[in-house]
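Worksheet: one structure, shown below.
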Protein chains: 2
Amino acid sequence: MLHDPAQLDLMFQALADPARRQMVDRLSRGPASVSQLAEPLAMSLSAVVQHLNLLEASGLVRTRKVGRVRTCQIEPKALRAAEHWINERRLSWERRLDRLGDFLAEG
Amino acid sequence: MLHDPAQLDLMFQALADPARRQMVDRLSRGPASVSQLAEPLAMSLSAVVQHLNLLEASGLVRTRKVGRVRTCQIEPKALRAAEHWINERRLSWERRLDRLGDFLAEG
DNA sequence: GAAATAGTTAAGTAAACGCTTCAGTGTTGG
DNA sequence: CCAACACTGAAGCGTTTACTTAACTATTTC
C-alpha cells in the first residue's frame with residue numbers, strides 16, 4: 001500500500017513545500033494540534049489546514065479529532081517509504097560504482 | 001553546502017515530480033544522455049531538458065557535455081542529504097516513542 | 001559542405017498551487 | 001445560554017509549473 005507509486009507521488013509532493021516540511025519537523029518532536037502547528041508559520045490557520053490535509057492525504061501524518069481539537073501525529077511508516085525510495089536509488093548507483101571499481105582492479 | 005535549507009528545498013521540489021523521479025531512477029542504473037533519458041517519457045525533448053535543468057540546479061544530477069551529447073549522472077551525496085532529512089525526523093519520532101515506552105514500563 | 005543529430009532557448013498557455021478572506025460548524029467554559 | 005475557541009469550507013486571486021511549438025546552435029557523418 002505504501003509503496004504504490006501514487007502514494008509515493010503524494011508523499012514527495014507533500015514534502016516539496018517548506019511549510020509542510022516544517023510541520024513534519026514539528027511533529028517529529030511529538031503530537032500537536034492544528035493551532036500549535038500553525039503558531040510558528042506566517043500564514044492563516046486556514047492555509048495551515050489546507051497543508052495539513054495534503055499531509056494527511058499523503059499518509060505522512062495521521063490526525064484524530066477529539067472534541068474541537070484535531071491532534072496530529074507523524075506516520076513513521078510513510079516517512080520510511082520515502083526514505084526507502086531514495087535509498088534504493090542511491091545504493092543502486094553505489095553498487096554499480098563498486099562493480100566498476102572491481103572490474104578495473106582486476107586488470 | 002548540501003544541508004543548507006535552500007538546497008534541500010530544491011531537492012525535495014525536484015523529487016516531487018514523477019517524470020523527474022523517473023529520470024533519477026533511470027540514472028541510478030548508470031549514466032545516460034538527454035535523449036536516453038527522454039526515450040521512455042511521453043513528452044518532448046525540450047520538456048525533458050527543462051526537467052533536467054531543475055535536477056541539476058537541485059544538485060541531484062551532474063551533467064557534462066562532450067561534443068554534442070550531454071551525459072548525466074546521479075550525485076549520491078545529494079540523494080543522501082534528502083534521505084538524511086527524512087531519517088532524522090523519523091528517528092526523532094521513534095526515539096520519543098521509546099522513551100515513552102520506558103516511562104510506562106517503569107510504573 | 002550538406003544533411004542528420006543532439007541539444008538549447010524563448011514564448012505562450014492551461015492547469016495546479018499557495019495563499020487570502022469570509023462565512024460557517026461544532027465544542028466548551030463561565 | 002452565550003461567548004470564546006478550534007477548526008472547516010468555499011470562493012477568489014496572483015504566481016508558479018509543466019508542458020507545447022518553433023526557431024536556433026553546435027557537432028558529426030557522409
Side-chain angles (χ1 to χ4, degrees), chain A residues 5-27 30-75 82, chain B residues 5-27 30-75 82:
Chain A
Q7 199 70 11
L8 214 52
D9 221 276
L10 291 174
M11 281 190 262
F12 277 112
Q13 203 152 300
L15 288 174
D17 186 86
R20 286 190 297 263
R21 278 206 309 285
Q22 203 177 327
M23 291 166 76
V24 168
D25 185 52
R26 165 64 187 82
L27 290 175
S33 70
V34 178
S35 314
Q36 284 173 332
L37 280 181
E39 193 255 327
L41 298 170
M43 65 180 74
S44 73
L45 187 63
S46 186
V48 172
V49 170
Q50 289 171 56
H51 282 305
L52 184 56
N53 289 339
L54 264 190
L55 283 170
E56 192 165 23
S58 79
L60 287 167
V61 166
R62 261 184 351 144
T63 77
R64 211 186 149 193
K65 193 151 187 177
V66 177
R68 63 187 167 180
V69 19
R70 173 146 76 136
T71 305
C72 312
Q73 297 197 349
I74 265 187
E75 185 56 72
Chain B
Q7 199 69 12
L8 213 53
D9 221 276
L10 290 174
M11 281 190 259
F12 277 113
Q13 204 154 304
L15 289 173
D17 186 86
R20 284 188 300 259
R21 278 207 309 286
Q22 203 178 325
M23 291 166 75
V24 168
D25 185 53
R26 165 64 188 81
L27 290 176
S33 70
V34 177
S35 313
Q36 286 173 332
L37 280 180
E39 192 254 328
L41 298 170
M43 66 181 73
S44 72
L45 186 63
S46 182
V48 172
V49 170
Q50 289 170 58
H51 282 305
L52 183 56
N53 289 340
L54 264 190
L55 282 170
E56 192 165 21
S58 78
L60 286 166
V61 166
R62 261 183 353 141
T63 77
R64 209 186 149 193
K65 195 152 183 174
V66 176
R68 63 186 168 181
V69 18
R70 173 145 76 137
T71 305
C72 313
Q73 296 198 350
I74 265 187
E75 186 55 72

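Every chain is numbered from 1, with letters handed out A, B, ... down the list of sequences.
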Roughly how far, to the nearest 0.5 Å, is the [atom2] atom of [Y] from the [atom1] atom of [X]?
| X | Y | atom1 | atom2 | result |
| --- | --- | --- | --- | --- |
| A:L37 | A:M23 | CG | CE | 4.5 Å |
| A:L15 | A:L54 | CG | CG | 11.0 Å |
| B:Q36 | B:L27 | CD | CG | 9.5 Å |

Q.
Using a 4.0 Å cut-off on heavy atoms, which residues in residues 54-63 of chain A reach DNA chain D? List them by number, or say none.
A.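 Within residues 54-63 of chain A, no residue comes under 4.0 Å of DNA chain D.
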Among [options], the one nearest [X] by side-chain distance:
| X | options | value |
| --- | --- | --- |
| A:K65 | C:dA6, D:dC7, C:dG18 | D:dC7 |
| B:S44 | D:dT20, C:dC19, D:dT8 | D:dT20 |
| A:Q13 | D:dC19, C:dT21, C:dC17 | C:dC17 |

Q. Do B:E56 and B:R70 sit within salt-bridge range, that is, some charged N less than 4.0 Å from a carboxylate O?
A.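 Here B:E56 pairs with B:R70 in a salt bridge, since their nearest N and O are under 4.0 Å apart.
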Q.
Counting the atoms with a prime plus P, OP1 and OP2 as sugar-phosphate, which does A:Q36 contact under 4.0 Å by heavy atoms, base, sugar-phosphate, or nothing?
A.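 If one applies the 4.0 Å heavy-atom cut-off, A:Q36 turns out to touch nothing in the nucleic acid.
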Q: Ignoring hydrogens and angles, answer whether the base of C:dT9 and the side-chain atoms of B:Q50 contain a donor-acceptor pair closer than 3.5 Å.
A: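 Not at all, since no donor on one side and acceptor on the other fall under 3.5 Å apart.
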**Q.** OP1 or OP2 of C:dC19 under 4.0 Å from side-chain N/O of A:H51
**A.**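 Answer is yes, contact under 4.0 Å.
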Q. Using a cut-off of less than 4.0 Å, is there contact between a side-chain N or O of A:S33 and OP1 or OP2 of D:dC7?
A.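 For D:dC7, OP1 or OP2 has a side-chain N or O of A:S33 closer than 4.0 Å.
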List every contact pair, protein side and nucleotides 22-27 of chain C side both N or O, where the distance is under 3.5 Å.
residue	atom	partner	partner atom	Å
C:dT27	O2	A:R68	NH1	3.0

